[in-house]
Amino acid sequence: MALIVQKYGGTSVGTTERIVSVADKVIQAKMQGNDVVVVVSAMSGETNRLIELASEISAQPAAREMDVLVSTGEQVTIALLTMALNARGCPAISYTGSQVRILTDSMHSKARIKEIDGTRISRDLSSGRVVVVAGFQGMDGNGNITTLGRGGSDTSAVAIAAALKANECQIYTDVDGVYTTDPRVEPRARRLERITFEEMLEMASLGSKVLQIRAVEFAGKYNVPLRVLSSFTEGEGTLITYEEDGVEEARIAGIAFNRDEAKLTVLGVPDHPGAAHQILGPIGEANIEVDMIIQNVGRDGTTDFTFTVHRNDVQRAVEVLNKVANDLGAREVNSDDSIIKLSLVGVGMRSHAGIASNMFEILAKEGINIKMISTSEIKISVVIDEKYLELGVRALHDGFGLEKTA
Ligand code: ADP
Ligand code: ASP
Ligand code: MG
């Protein structure tokens, strides 16, 4: 008998009709002889609605209370799904994160899972029940409710699968797998039958929200067999593999993009040792994460220093930089939040030179100016004007031959 963990996202449980059809899918897996644990998200839009309610009350609600609030969305869906299963004659029981002891650190709104005690779940499974667990939430060592960051139910599912040594973790969503790029931006995107773990990790970290990055990290750490599938249609979905055998040599897996970054530049920085540290040190102390960094070649004793941060942090970063610029004797601080980061990902880059220049040529032909570039072993990222997002994605998709083959 196999043990399967299934996760259903917001759209998949977005209405009571959808919840009933999820119950049918769960029963189907159970009837095939599997033990089934189901992890669910809140109904689509619910988490945003709760965040909005809080903002009507307070500009800066306590992080602890935010987690108490936003974790309620998932409590609704575990109960409704369990009722639907019971109504169909399937024994089932629901649990919140803390009831099954999903132990996290205390970083409210972005907590990390430290440990899961699978005893209660295992006991229920052996008595023939389907176990339905609330995604996105856990509790810290002091019993406070925590949440795992947006999209965190993916991580709950993978972590539970790892703790129970499940045979497969299935992420059911509103697309039927991982595509060469977001099918909402490029309708000609193609579903991948397989994607390597490393590629998936890059795609997720570069902005493909189909899987939360931490879910992919967790899957890699514990070698959890992971599959992304549709809750609306039948199919094999996309398997995340841990071997690169059988992957075509020249392979580009796909294109990811991130709309959440902004660019900051300090102009006229005195070109002397320690300047980069003097700029990024205070940024780090303000708990602002930095992504891409470039420093221009110095001329006339000064240089320009540019880096990107999350858009939510721009205001704070500018405040920090204005002070730094003053201390350093730099000329000016600029910020630009109308940029996006576009990335090409593929293990084929390891063995194929020239992919970067191909990418730049394709973008140039469309008249898209590149503002920043960064590369690593299996990815190339560029920062461009946000108005070129669709054009850039589609041109690269076409230029690298990623479109549907049929
Ligand atoms: P859920 O609510 O089920 O967790 P999400 O909205 O978090 O669903 O993730 C699914 C969405 O991810 C899709 O609707 C799609 O628009 C988006 N997406 C972004 N990049 C990709 C990609 N490479 N492949 C498939 N979907 C992607
Ligand atoms: N409900 C949470 C969110 O909207 C978690 C999730 O759906 O994975 O981010
Ligand atoms: Mg999601």
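Heavy-atom basis, side chains included; hydrogens, waters and symmetry copies ignored. In listed order, ligands and their atoms are each counted from 1.
Protein heavy atoms are absent from the space less than 4.0 angstrom from atom 6 (O) of ligand 1.
Using a 4.0 Å cut-off to heavy atoms of K209, the atoms of ligand 1 that qualify are 7 (O), 9 (O), 19 (C). In summary, the atoms of ligand 1 found under 4.0 Å from a heavy atom of V178, numbered by their order in the structure, are 24 (N). Residue D174 approaches ligand 1 through these ligand atoms, each under 4.0 Å from one of its heavy atoms: 10 (C), 11 (C), 13 (C), 14 (O). Listed by number with element, the atoms of ligand 1 under 4.0 Å from a non-hydrogen atom of K7 are 4 (O). Interface of G10 with ligand 1, defined as ligand atoms under 4.0 Å from a residue heavy atom, comprises 2 (O). Those atoms of ligand 1 with a heavy atom of Y179 less than 4.0 angstrom away are 22 (C), 23 (N), 24 (N), 25 (C). Each of the atoms 13 (C), 14 (O), 15 (C), 16 (O) of ligand 1 lies under 4.0 Å from some heavy atom of R184. Short contacts between ligand 2 and E74, defined as distances under 4.0 Å to a heavy atom of the residue, involve ligand atoms 1 (N), 2 (C), 5 (C).
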Stepwise, does the side chain to side chain donor-acceptor pair (under 3.5 Å) test hold for Q212 with T155? CA-CA 7 Å; Q212 199 202 33; T155 305; 2.3 Å; yes
Under the side chain to side chain donor-acceptor pair (under 3.5 Å) criterion, do T180 and H397 qualify, and how do the steps go? CA-CA 8 Å; T180 44; H397 202 265; 2.7 Å; yes
If you apply the rule side chain to side chain donor-acceptor pair (under 3.5 Å), what do you find for E199 with T196, and how did you get there? CA-CA 5 Å; E199 288 167 334; T196 69; 3.2 Å; yes
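For the ligand labelled ligand 2, residue G151 lies inside the 4.0 Å heavy-atom shell. Heavy-atom distances between G152 and ligand 2 reach below 4.0 Å in at least one pair. A heavy-atom separation below 4.0 Å is not found between S231 and ligand 1.
Both cation-pi conditions hold for R18 and F232: the charged atom is under 6.0 angstrom from the six-membered ring centre and inside a 45 degree cone around its axis.
Under 4.0 Å from ligand 1, not a single heavy atom of I171 appears. At a heavy-atom cutoff of 4.0 Å, ligand 1 is contacted by both the backbone and the side chain of T173. With a 4.0 Å cut-off on non-hydrogen atoms, E46 does not touch ligand 2 at all.
Looking only at protein heavy atoms, the nearest one to atom 15 (C) of ligand 1 is D182 OD1, 3.4 Å. The closest protein non-hydrogen atom to atom 27 (C) of ligand 1 is V210 CB, 3.7 Å. Among all protein heavy atoms, the one lying closest to atom 3 (C) of ligand 2 is R150 NE, 3.4 Å. In terms of protein heavy-atom proximity, atom 25 (C) of ligand 1 is closest to G177 O, 3.4 Å.
Ligand 2 has no N or O atom lying under 3.5 Å from any N or O atom of F136, backbone or side chain. For a threshold of 3.5 Å applied to N or O pairs, the pair formed by S41 and ligand 2 contains at least one separation below that value. The shortest N or O to N or O distance between T47 and ligand 2 is below 3.5 Å.
Under the salt bridge (charged side-chain N to carboxylate O under 4.0 Å, His left out) test applied with K209, the options D154, D174, D260, D182 reduce to a single match, D260. For the pairing with R311, the salt bridge (charged side-chain N to carboxylate O under 4.0 Å, His left out) check across E289, E261, E386 returns one residue only, E386.
In this structure, CD1 in I102 is found 9.5 Å from CE in M139, a value given to the nearest 0.5 Å.
Atom CE of M292 is surrounded by more than 12 heavy atoms from other residues, nucleotides or ligands within 6.0 Å.
Of the charged side-chain nitrogens involved, none lies within less than 4.0 Å of a carboxylate oxygen, so that E198 and K379 do not count as a salt-bridged pair.
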